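As the structure is a computational prediction, the values presented were derived from the model and not from experiment. Lettering follows sequence order; numbering is per chain, from 1.
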Number of protein chains: 2
Amino acid sequence: MSAAAAGRGDGGGDPDAARAGGTGTGPAPYDPYAFEPFAVTVDLAVLTVRGGVLHVLLIRRGQEPYAGAWALPGGFVLPRESAETAARRELAEETGLAPSLVDSLHLEQLRTYSEPDRDPRMRVVSVAFTALVPDMPEPAAEGGGDADRARWVPVGEVTQPAFDHARILADARERVGSKLEYTCLATAFCPPEFTLGELRAVYETVWGTALDRPNFRRKVLATPGFVEAVPGAARLTGGRGKPAALYRAGPATALHPPLLRPTEGPAR
Amino acid sequence: MSAAAAGRGDGGGDPDAARAGGTGTGPAPYDPYAFEPFAVTVDLAVLTVRGGVLHVLLIRRGQEPYAGAWALPGGFVLPRESAETAARRELAEETGLAPSLVDSLHLEQLRTYSEPDRDPRMRVVSVAFTALVPDMPEPAAEGGGDADRARWVPVGEVTQPAFDHARILADARERVGSKLEYTCLATAFCPPEFTLGELRAVYETVWGTALDRPNFRRKVLATPGFVEAVPGAARLTGGRGKPAALYRAGPATALHPPLLRPTEGPAR
DNA sequence: CCTGTTTATAGTCAGAGTGACTATTAAAGG
DNA sequence: CCTTTAATAGTCACTCTGACTATAAACAGG
């Protein structure tokens with residue numbers, strides 16, 4: 001703990017504390033290699049709703065450790081990148097989508113995982129992100145890689161992913177579930193134009209509960225800015241039933257009052 | 001972006017991607033120094049309520065950059081520490097509290113700040129934490145340092161703190177404000193036994209709004225597990241008024257339904 | 001001792017929001 | 001044409017909340 005002890009009191013994150021053998025208090029050149037280096041990576045929990053089931057984008061690992069296991073997409077933060085930038089770059093690379101499209105996707109920092117032994121080889125601190133995307137085709141295998149290296153996997157079927165990715169995925173699911181309650185985030189899972197039935201399916205899928213159709217409709221339409229009607233537009237709902245009106249995501253981001261999960265216990 | 005490009009597809013945080021000049025696909029020893037090192041630090045937004053004003057613990061910097069400026073306490077994550085462990089260690093060092101006491105304080109990861117230029121000297125990625133502590137005396141100047149190196153500062157009087165600490169503090173305030181709405185977190189600002197008036201003062205201080213006394217009481221007592229009455233105990237409220245009953249924090253952590261901020265707009 | 005002030009506590013009342021439910025409309029399929 | 005399916009419209013009771021009034025218990029000052 002010598003490095004931090006030397007730096008104690010110099011405020012948060014003071015690299016001067018890391019200079020080798022620093023004894024004086026005056027300014028001195030610091031040596032970036034005087035402390036054990038950390039690798040900083042991003043991991044992405046890319047979630048989507050496909051056919052009433054929550055899916056996550058996984059990559060099959062080709063190398064040890066965890067060769068052959070599924071893992072969340074991710075990679076290194078480059079020297080001139082923020083974690084957010086790195087996450088969006090990785091997202092574009094893994095999904096094969098155009099960068100302009102990726103820029104419009106919902107991407108949000110989840111939390112940072114820093115347990116010393118989360119990677120058996122070296123010290124890796126990973127900033128995890130959650131991305132919410134509408135239903136889209138299987139990720140294109142761009143760059144001449146294996147055709148099925150990246151796949152959408154139902155979250156219920158994810159077993160023994162690499163590293164601590166099971167924990168990250170669980171945290172992402174919990175975060176998304178509670179954010180649906182008090183934000184307008186559900187539209188991030190929908191295409192640009194969607195029906196209220198599709199929006200309700202997002203809630204039902206993420207929460208795993210059925211919602212009353214008329215009540216859901218009343219609540220969503222009563223929240224100003226949640227959705228905006230597309231004038232005159234309607235979509236046949238899979239062939240059956242009355243055609244539903246189409247809506248777009250509105251400008252609101254928060255839900256006041258919130259749309260609480262049914263049967264949610266009084267304490268968590 | 002060569003390092004990440006080389007590692008693309010190997011799953012999140014694969015240090016193999018960092019080995020210098022890696023061309024083959026088979027296993028090879030990795031070199032921790034093949035990529036530009038990142039320093040990983042923690043920054044702490046330690047908040048407390050003193051006399052109806054939200055305060056944050058700040059440290060006066062002794063070195064450049066930002067010498068003489070106030071900064072959030074923090075420091076390096078050591079090679080065998082998680083960020084959480086480092087945050088609690090720094091918290092104990094900066095407040096001078098016993099480690100056992102620090103272990104009981106509420107500490108929660110806020111988010112990670114990773115802009116490339118947030119520290120002018122080198123690449124520093126900082127995991128920020130929010131700590132909520134009850135009102136306590138001025139931090140002891142342990143270790144023979146300056147007597148007033150660490151101070152409680154009203155958040156409204158924090159001007160031009162070092163690095164991006166203004167942003168971190170703003171994020172912490174916003175997070176705490178919204179967590180008061182849907183969690184039982186407010187008790188973390190209170191001593192072990194407190195009156196409902198003190199608990200209400202926490203909400204009023206963090207939110208900056210007045211709350212109706214009887215309605216607040218009704219809501220808190222109607223939430224199972226939020227607070228537990230201390231049998232027979234009462235405390236004189238600063239000399240004036242009827243003595244108030246004492247309560248302890250209950251086992252609940254979530255508020256269902258939430259206690260929403262008054263006059264909170266329909267969209268944020 | 002009385003009175004005004006302060007804070008805690010008890011209770012009332014109307015309106016908003018929600019859960020549960022019924023009814024109607026508009027499409028597809030046999 | 002009739003059934004099925006899903007969207008849409010509407011009702012009703014209950015809960016929760018905001019606003020408000022009233023009472024109780026302490027202290028300060030005359």
> Which is true for B/Ala222 with a 4.0 Å heavy-atom rule: it touches a base, it touches only sugar-phosphate, or it touches nothing?
Replying inline: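 Nothing, no nucleic acid heavy atom in range.
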> Taking the side chain of B/Pro214 as heavy atoms from C-beta outward, which of D/dT8, C/dC13, C/dT9 is closest to it?
Replying inline: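 Nearest to the side-chain atoms of B/Pro214, counting from C-beta on, is C/dT9.
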Could you state the atom-to-atom distance from [atom1] of [X] to [atom2] of [N] in whole Å?
X        : N      : atom1 : atom2 : answer
B/Phe216 : D/dC16 : CZ    : C1'   : 16 Å
B/Arg213 : C/dG11 : CZ    : P     : 18 Å
B/Leu260 : C/dG17 : CG    : C1'   : 12 Å
A/Asn215 : D/dA9  : CG    : P     : 14 Å
B/Lys219 : C/dA8  : NZ    : C1'   : 21 Å
B/Leu255 : D/dC16 : CG    : C1'   : 13 Å
B/Lys242 : D/dA22 : NZ    : P     : 17 Å
A/Arg200 : D/dA6  : CZ    : C1'   : 9 Å

> Per the atom types in the model, does the base of C/dG11 pair as donor or acceptor with the side chain of B/Arg218 at under 3.5 Å?
Replying inline: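 Flag unset: no donor-acceptor pair detected.
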> Are side-chain heavy atoms of B/Phe226 and B/Leu255 found at a separation under 4.5 Å?
Replying inline: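 Of all side-chain heavy-atom pairs linking B/Leu255 with B/Phe226, at least one is under 4.5 Å.
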> Heavy atoms, side chains only, cut-off 4.5 Å: are B/Val227 and B/Leu221 in contact?
Replying inline: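 When only atoms from C-beta onward are counted, B/Leu221 and B/Val227 do touch, with a gap below 4.5 Å.
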> Would B/Tyr113 and B/Asp43 satisfy side chain to side chain donor-acceptor pair (under 3.5 Å), going step by step from the backbone distance to the final call?
Replying inline: CA-CA 10 Å; B/Tyr113 298 83; B/Asp43 282 314; over 6 Å; no
>> Does C/dT5 have its OP1 or OP2 closer than 4.0 Å to a side-chain nitrogen or oxygen of B/Arg240?
In response: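 Result: no.
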> Counting just side-chain N and O atoms, does A/Arg217 come under 4.0 Å of either OP1 or OP2 of D/dG10?
Replying inline: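 Answer is no, no contact under 4.0 Å.
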>> Taking the nucleotide of DNA chain C with the nearest heavy atom to each, does B/Asp212 or A/Leu259 sit closer to the 5' end?
In response: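 Its nucleotide being nearer the 5' end, the pick is B/Asp212.
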